[in-house]
Protein chains: 2
Amino acid sequence: MGDDKRLRDAAEKLALILAQGGMQKTTARVMTCLLFSQQETLTAADLCTELQISSGAVSGAVKQLAPSGLLERVPAPGSRRDHYRFPDGAWATLMSQQNQLLATMGEVADQGLAAAGDPSTPAGQRMAEMRDFYSFMLRELPPLIERWRTDFTAKQANQETHQAD
Amino acid sequence: MGDDKRLRDAAEKLALILAQGGMQKTTARVMTCLLFSQQETLTAADLCTELQISSGAVSGAVKQLAPSGLLERVPAPGSRRDHYRFPDGAWATLMSQQNQLLATMGEVADQGLAAAGDPSTPAGQRMAEMRDFYSFMLRELPPLIERWRTDFTAKQANQETHQAD
DNA sequence: CAGAGTATTCACAGATCTCTGAAACTTCTG
DNA sequence: CAGAAGTTTCAGAGATCTGTGAATACTCTG
C-alpha cells in the first residue's frame, strides 16, 4: 500500500470519516488499510509498519472487525503469520447488521407504546410513529440489500464472460 | 415523565443503545427524555431536574440535536423559557441524513478507484464493489423514505377521519 | 431602559478510553 | 520436544472526552 500516496490518503480520509461516525480510530485505520491495499491480503506485521502501531493495537482492531464481517482471516499456506483481508460483500453485510438495530428500535417503540398506555397521548403518538417507521424499514431494507447482491453477482458474472471472449 | 417508571426505563434503555452506537451519552438521554415524555414539550429546567444534569449539559445536547432535526425549539407563548420537542417525522429525517453519508462513501470509492488506476487490481475491485453498493443505496433509499412519509401521512389522515365519524 | 429570568460559554476537574510495551500463551518446525 | 515465530493479553501512561459551576451574554417585561 505504501506504493501509492493517493490510495493511502484516501484510506486515512475514510478512516477519519468512520471515526467521526463512532468507530474506533485505530480500528477504522486497520479496516481502510485493508480496503485500499493493492495487496490481496496483509499480515499483522504489515499493518504495524504501515500504520505505525503496535501489535497489540492490531490485535484489538482485528477483534472488533472480524465479528462484524469487516475483516476475515485468510488461510495462509506456507506462512505462519495470520493473513487478513477485507471480505467481498462486506458493505452489504454491514448494512444487513444495521437491520438488527432497526429491529431493536422497533421493539423499544413497542415497549414504549405499551408503557404509554393510550396511543393518543403525546408519548403514545411518538411511539406509534416510531414503531411504524422502523417496522417499515425492517420490512423493506433486507429485500433491497438482497437485490443488490443478486444484481452485483450477475454483473460480475457478465464481465467475466465478456472478458473470456 | 416522572409519572411512569416504565417510560423512564424505556427512555434510558434507548439512550444506552444510542450511546453505544456513537451518540454522546447525555445527548442521547436528552433526546429520549423528550421522546418518551408525556408532556408535549419540555423546558431546559425540566430536563435538568429529570436527568439530573447541569444547564450547561442541556445546552450542549441541544446544540447537537437541533441541527440534526432530532429536537426542535417550540415558540412558547407566555413563557420566557425555551420549550423543546421531539419533532414529527424525526426518524425519517434522521435516516435521510444517512444519505449524506452514503454519498460520501460513494465519493471516497470513486477517488479510490481513480487512485487505484486499474479496476482489475485488488484495490480496484474492492473500490468498484464499494462504489456500486453505495450508489445503489443512494438511488434506492430516498424514494423508500419518501414512500413511508406518504403512507404514514395518509394513514394518519384516515384515522382522523374515522375518529370524526 | 433597567433588571429579572434564561440560555450559553468556558476553564477545569474527573472520568473514560486507547495505545504501548512487555509478558504470557500458542502453534508450528526441525 | 525444544525453540522460534507470531499472536493475544494486560497493567499502566497518556490522551481525549465530558459535565460542572460560575461567569457572561441575551432577551423580554414593566
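Within every chain, numbering begins at 1; the chains are lettered A, B, ... in the order of the sequence lines, protein sequences first and strands thereafter. Heavy atoms only: backbone and side chains are in, while hydrogens, waters and symmetry mates are out.
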Practice problem: Whole angstrom is fine here: how far is it from CG in Leu51(A) over to C1' in dC19(C)? | Solution: 13 Å
Quiz item: Does OP1 or OP2 of dT9(C) have a side-chain N or O of Lys63(B) closer than 4.0 Å?
Solution: yes
Quiz item: How many Å lie between CZ on Arg73(B) and C1' on dC26(D), as a whole number?
Solution: 12 Å
Practice problem: Find the distance Arg29(B):CZ to dT20(D):C1' and express it as a whole number of Å. | Solution: 14 Å
Practice problem: Could you state the atom-to-atom distance from CD of Gln64(B) to C1' of dT9(C) in whole Å? | Solution: 15 Å
Quiz item: Nearest of dT20(D), dT20(C), dT8(C) to any side-chain atom of Ser54(B)?
Solution: dT20(D)
Practice problem: Please determine, for the side chain of Ala44(A), which listed nucleotide (dT18(C), dT7(D), dT9(D)) has the closest atom? | Solution: dT7(D)
Quiz item: Any ion pair linking Asp9(A) and Lys13(A) (charged N to carboxylate O, less than 4.0 Å)?
Solution: no
Quiz item: Among the nucleotides dT18(D), dA5(D), dT8(C), which one has an atom lying closest to any side-chain atom of Thr26(B)?
Solution: dT18(D)
Quiz item: What is the distance from CG of Asp82(B) to P of dA7(C), rounded to the nearest Å?
Solution: 5 Å
Exercise. For the pair Trp91(A) and Tyr134(B), name the ring-plane relationship: parallel under 30°, tilted 30 to 60°, perpendicular over 60°.
Key: perpendicular
Self-check item: Phosphate contact (dC17(D) OP1 or OP2) by Gln24(B) side-chain N/O below 4.0 Å
Solution: no
Self-check item: Rounded distance in Å - NE2 (His83(A)) to P (dT27(C))
Solution: 17 Å
Practice problem: For Arg126(B) and Ser37(A), indicate whether the former's side chain and the latter's backbone hold a donor-acceptor pair under 3.5 Å. | Solution: yes
Exercise. Select one nucleotide: of dG21(C), dT20(D), dA4(D), the one nearest the side-chain heavy atoms of Ile53(B).
Key: dT20(D)
Practice problem: Classify the nucleic acid contact of Gln52(A) as base, sugar-phosphate or nothing, counting any heavy atom under 4.0 Å across all strands shown. | Solution: sugar-phosphate
Quiz prompt | Residue whose closest nucleotide on DNA chain D lies nearer the 5' end, Ala57(B) versus Ser79(A) | solution = Ser79(A)
Practice problem: Measure from the side chain of Arg81(B), starting at C-beta and using heavy atoms only, and say which of dA4(C), dT29(C), dA7(C) lies closest. | Solution: dA7(C)
Quiz prompt | Polar side-chain atom of Ser54(B) near backbone of Ala57(B) as donor-acceptor pair, under 3.5 Å | solution = yes
Practice problem: Among dT9(C), dT9(D), dA5(D), find the nucleotide with the atom closest to the side chain of Arg80(A). | Solution: dA5(D)
Exercise. Would you mind checking if Asp46(A) and Arg81(A) are paired as a salt bridge, meaning a charged N to carboxylate O distance below 4.0 Å?
Key: no
Practice problem: Would you mind reading off the distance between Lys25(A) atom NZ and dG14(D) atom P, rounded to a whole angstrom? | Solution: 17 Å
